[in-house]
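Just below is one structure, and these are the notes that go with it.
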Amino acid sequence: MTEPATSGRRGARRVRQVVNALTLATPLGLLLARAGGATLRPGPHGTLVAAGYRSRFPAPRASAVTIGDVVLLRLDDDQLARRPQLLEHEARHATQWSTGLGLVGFPLAYALAAGWSWLRCGDGARRNVFEQAAGLVAGGYLPEATRPECPADVASPRRQPE
């Protein structure tokens, strides 16, 4: 007998996949994977990993970008082995695509969040709610202890009660 939690996760994953297909996010990811010369293979949580992705579009400096359920991966297997949490991070973005209504809303929402983060910290990820929810360290962003202080993180001096 299947454990209910496993069955529930599978059902949620299937809903995500259907939404990402209907909103055209996954088909766009597949198109980009093909154009970028990638090879598709199964990834975690029902994602597809487009290994060997060579195009600089989108996000030219990113080692991985998720479009719908497709992870466009620019790392080779050895590099990926040194970042074991990266595909889990990208799978969380696949869920964000579905909850953000795919091509209808997610790119705009993500761009606004990255812009807000850039304005606050000079970094498009640090205060980006989507990157935070997917896990900053898992995504390869600097661990909290090694990041320079973000000006918005510095608490303004408060008057102590007398």
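Model, not experiment: these values are computed from the prediction.
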Compare every heavy atom of [Y] with every heavy atom of [X], then report the nearest pair and how far apart it is.
X	Y	result
Ala33	Ala50	CB-CB, 3.6 Å
Gly124	Trp118	N-CE3, 3.4 Å
Arg92	Ala134	NH1-O, 2.6 Å
Gly68	Ala25	CA-CB, 3.6 Å
Thr23	Gly102	OG1-CA, 3.3 Å
Val49	Gly43	CG2-CA, 3.7 Å

Could you state whether [X] and [Y] fall into the same hydrophobic cluster, counting links through intermediate Ile, Leu, Val, Met, Phe, Trp or Tyr residues with side-chain heavy atoms under 4.5 angstrom apart?
X	Y	answer
Leu108	Phe57	no
Leu136	Val129	no
Val19	Leu28	no

Item checked: Stepwise side-chain hydrogen bond (donor to acceptor under 3.5 Å, both in side chains) test for Gln96 and Tyr110 -> CA-CA 10 Å; Gln96 293 170 350; Tyr110 187 93; over 6 Å; no
Enter the distance from [X]:[atom1] to [Y]:[atom2] here, rounded to the nearest 0.5 Å.
X	Y	atom1	atom2	result
Ile67	Leu24	CD1	CG	13.0 Å
Leu73	Leu87	CG	CG	6.5 Å
Leu75	Arg82	CG	CZ	9.0 Å
Trp116	Asn128	CH2	CG	12.5 Å

Non-hydrogen side-chain atoms of [X] and [Y] separated by less than 4.5 Å:
X	Y	result
Asp76	Leu80	no
Leu48	Val71	no
Leu30	Leu40	yes

Next item on the list: Could you walk me through whether His89 and Tyr141 pass side chain to side chain contact (heavy atoms under 4.5 Å, CB included), step by step?
Entry: CA-CA 11 Å; His89 171 90; Tyr141 302 103; 4.3 Å; yes
Next item on the list: On the 0 to 90° scale, with breaks at 30° and 60°, tag the Phe106-Trp97 ring pair as parallel, tilted or perpendicular.
Entry: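 The arrangement is tilted - the two ring planes meet at 30° to 60°.
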Donor-acceptor contact present, side-chain [X] to main-chain [Y], <3.5 Å:
X	Y	result
Thr99	Thr95	yes
Asp69	Asn20	no
Glu131	Arg126	no
Arg127	Arg120	no

Next item on the list: Walk me through it: do Ser63 and Arg83 pass the test side-chain hydrogen bond (donor to acceptor under 3.5 Å, both in side chains)?
Entry: CA-CA 11 Å; Ser63 54; Arg83 297 186 58 193; 2.8 Å; yes
Next item on the list: Hey, could you give me each pair passing side chain to side chain donor-acceptor pair (under 3.5 Å) that has a residue in residues 31-47? Not counting sequence neighbours.
Entry: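 Found Arg41-Asp77, His45-Glu88.
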Item checked: Residues His93 and Glu90: side-chain donor-acceptor under 3.5 angstrom ->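 On atom types as modelled, these side chains do not qualify, holding no pair under 3.5 Å.
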Next item on the list: Could you check Leu72 against Thr66 for side chain to side chain contact (heavy atoms under 4.5 Å, CB included), going step by step and ending with a plain yes or no?
Entry: CA-CA 6 Å; Leu72 305 172; Thr66 298; over 6 Å; no
